[in-house]
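Have a look at the structure below before the remarks.
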Amino acid sequence: MKVLVAVKRVVDYNIKVRPKADGSDVEIANAKMSMNPFDEIAVEEAVRMKEAGNATEVVAVSLGETACQDIVRTALAMGVDRGLLVETDERLEPLTVAKLLVAIVKREQFDLVILGKQAIDDDSNQTGQMLAALLGWPQGTFASHVLVDGDRVQVTRETDTGSQTLSFQLPGVVTSDLRLNEPRYVKLPNIMKAKKKPLEKITPAELGVDISARLEILAVAEPVQRSGGIKVSDAKELVEKLRNEARVI
Amino acid sequence: MTILVIAEHNNSELNAATLATITAATQLSDSVDLLIAGSGCSSVAESAARVQGVNRVALADAPEYEHQLAENITPLVVRQAGGYSHLLMSATANGKNLMPRVAALLDVAQISDIIAIESSDCFRRPIYAGNVIATVRSKDPMKIVTVRTTAFEPAVAEGGNALIDQIEASGDTGLCRWDGEEQSESSRPDLTQAEVVVSGGRGLGSAENFHLLEALADRLGAAIGASRAAVDAGFVSNDLQVGQTGKVVAPKLYIAVGISGAIQHLAGMKESKVIVAINKDEDAPIFQISDYGIVGDLFDILPALSAELERSVN
Ligand SMILES: Cc1cc2nc3c(=O)[nH]c(=O)nc-3n(C[C@H](O)[C@H](O)[C@H](O)COP(=O)(O)OP(=O)(O)OC[C@H]3O[C@@H](n4cnc5c(N)ncnc54)[C@H](O)[C@@H]3O)c2cc1C
Ligand SMILES: Nc1ncnc2c1ncn2[C@@H]1O[C@H](COP(=O)(O)O)[C@@H](O)[C@H]1O
């Protein structure tokens, strides 16, 4: 089984981003960038499949500007065999990313693609489902447990009321939720080794995909800020305030 | 402009989230249809037909829709989509699973999780865990949108009189098999619909200690929520997680107990009307967005709060 993992370079989750002064976009010029946390979980899952003898090869792909190769290198240091960078300076929408991933899957015949459930910058939660649709494959989204058994995969997924278990025949798509696994720390020797692993660059044009945007971002703004309230001294005062001032109980 | 709303339900009842999505649809047009795909779900169609603002209910009742598998429902939605200007669904776990699959096959760039409608092609949505609100315009001929249901009032559930059309099912794709599910049992109000939510974090320390929260929730008729740290530690089940990657809630009263107030948690609760925080660290970020805060040990404050509520009622 050949596994592809999609890894996105995003503003680190600890950073609170703000709009640019002119409100045209977010200010991320000097922000710390990291691998999307859900994608780290996706990489970890794929590497474990290799370690368990279920995957023959694991490839990581990132799509975006040249600096995205740093994220691919991180995936290589976590144990991925080989990297791909689809290089472009254009802003990519989930539908476009899905189309580019379709081209990559077709070029190399992957059996399983693992993505994060959601990129923490655009918060779209779309790409994996779109990829599965375009390929005509089944999807196991928001996975908290994945079991590979030959050419079948069983996925336990997080739902609004608990969890659901599905299974399907490969090829298929899985998207990772937070509780799928805990990604490993990358050790220094592995970072050195990762530098020698192959990392191929391709362009959207070479993949034959039109990447023009369908969505236009007209403005970005800060949400209405809450003003901090008051401290109360004890339970009695709290109940009094909630009842007589806020009138919510 | 005619809008198609994809309903969410459990084959017996219409999910309340769908009512808010119907309101979003009526902001776009007077002509709103509802699509229900399920199995043995005629009662859902009957109650949906009474929702004000709905013109027509299309009902596809077939075994292949029983578990709401996206692989089976997508071909139906794609077939029904012709002639509609917008497809809308609630941004619930089901909506998030299904709609991008539909959008890709219709070659539409979906707009996720909208909180406001500016015009027929322009929407506002939170990005970066709600730290920024983007105004987005779609250039696609058809718009496919998921709706953050806390941002829209629910449509009135009674008084409407839509016609119900039985439509042909699309068949089983055979792509995916349902093996089972676990539903968390709770007699409490639904987390996303409750007027009062009491949430616990890592500060609770254990699953047993969550009983302290339950006592408070009982007093207030509240739903129980949790931070990611509390869910990861196994104190409560995953469907209680509030936040960027969990549920979004906006109750009248939100009480955060032993929760520090990480950006990702705030993303799911900061639209609540009144926020109360109980935390022993006076510098915890949760206090910056709280209307009322108590600095102190939750193990002292929770019992006192339950007792005080009981005392002041009597
Ligand atoms: C990709 C990603 C997505 C995420 N999504 C979510 C999400 O959807 N929802 C979410 O909640 N988090 C999410 N997180 C995690 C988030 O960043 C925080 O780690 C998490 O919210 C912390 O939970 P907490 O406040 O319970 O724990 P902590 O940050 O450890 O805070 C515990 C608090 O309890 C207080 N405390 C301890 N003991 C007591 C006591 N006896 N009395 C009173 N107070 C006490 C402490 O002072 C502290 O403030 C996400 C993170 C990532 C990376
Ligand atoms: N530019 C990208 N490069 C690599 N992977 C991506 C990219 N955009 C999205 N993805 C993948 O798709 C997932 C969901 O992203 P989204 O649909 O944007 O929320 C992410 O967690 C990644 O696995």
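Side chains are part of it too, since the values below use all heavy atoms of this structure and drop only hydrogens, waters and symmetry mates. Letters A, B, ... mirror the listed sequences (proteins, then strands); counts begin at 1.
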Checklist outcome for this item: By residue number, those in residues 152-166 of chain A with heavy atoms under 4.5 Å from heavy atoms of chain B are A:R152, A:Q154, A:R157, A:E158, A:T159, A:D160, A:T161, A:G162, A:S163, A:Q164, A:T165, A:L166
Item to check | Toward chain B: residues of residues 135-142 of chain A with heavy atoms under 4.5 Å | outcome: A:G136, A:W137, A:P138, A:Q139, A:T141, A:F142
Checklist entry - How about residues 276-284 of chain B versus chain A: which residues have heavy atoms under 4.5 Å apart? => result B:V276, B:E282
Next on the checklist: Heavy atom to heavy atom, less than 4.5 Å: which residues from residues 130-137 of chain B reach chain A?
Outcome noted: B:G130, B:N131, B:V132, B:I133, B:A134, B:T135, B:V136, B:R137
Next on the checklist: I'd like to check A:I28 versus B:Y128 (side-chain heavy atoms, cut-off strictly below 4.5 Å). Are they in contact?
Outcome noted: yes
Next on the checklist: If you define the side chain from C-beta out and look only at heavy atoms, does anything of B:S112 sit under 4.5 Å from A:N125?
Outcome noted: no
Next on the checklist: Between A:T127 and chain B, with a heavy-atom cut-off of 4.5 Å, which part of the residue counts as in contact: side chain, backbone, both or neither?
Outcome noted: neither
Next on the checklist: Report which part of A:V10 has an atom under 4.5 Å of a heavy atom belonging to chain B: side chain, backbone, both, or neither.
Outcome noted: neither
Next on the checklist: Quick check against the 3.5 Å criterion: does A:K117 have a side-chain atom that pairs as donor or acceptor with the backbone of B:T245?
Outcome noted: yes
Next on the checklist: Under a 3.5 Å distance rule, please check whether A:Q126 uses its side chain to pair with a backbone N or O of B:Q110 as donor and acceptor.
Outcome noted: yes
Next on the checklist: Given heavy-atom pairs under 4.5 angstrom as the criterion, report whether the side chain, backbone, both or neither of B:Q264 touches chain A.
Outcome noted: side chain
Checklist entry - Hey, which of B:Q183, B:E181, B:Q244 has the most heavy atom pairs under 4.5 Å with chain A? => result B:Q244
Next on the checklist: Is it true that, when you exclude A:N14 itself, more than 12 heavy atoms of the residues, nucleotides or ligands shown sit nearer than 6.0 Å to its CG?
Outcome noted: yes
Checklist entry - Quick check: are there more than 12 heavy atoms from other residues, nucleotides or ligands sitting under 6.0 Å from CD of A:Q169? => result yes
Item to check | Sidechain N-carboxylate O distance under 4.0 Å for B:R125, A:D123 | outcome: no
Item to check | Selection from A:M130, A:R214, A:Q118, A:E240 maximising heavy-atom pairs under 4.5 Å formed with chain B | outcome: A:R214
Checklist entry - Is there a salt bridge (charged side-chain N to carboxylate O under 4.0 Å, His left out) between A:K241 and B:D291 once you walk through the steps? => result CA-CA 10 Å; A:K241 294 278 189 207; B:D291 300 284; over 6 Å; no
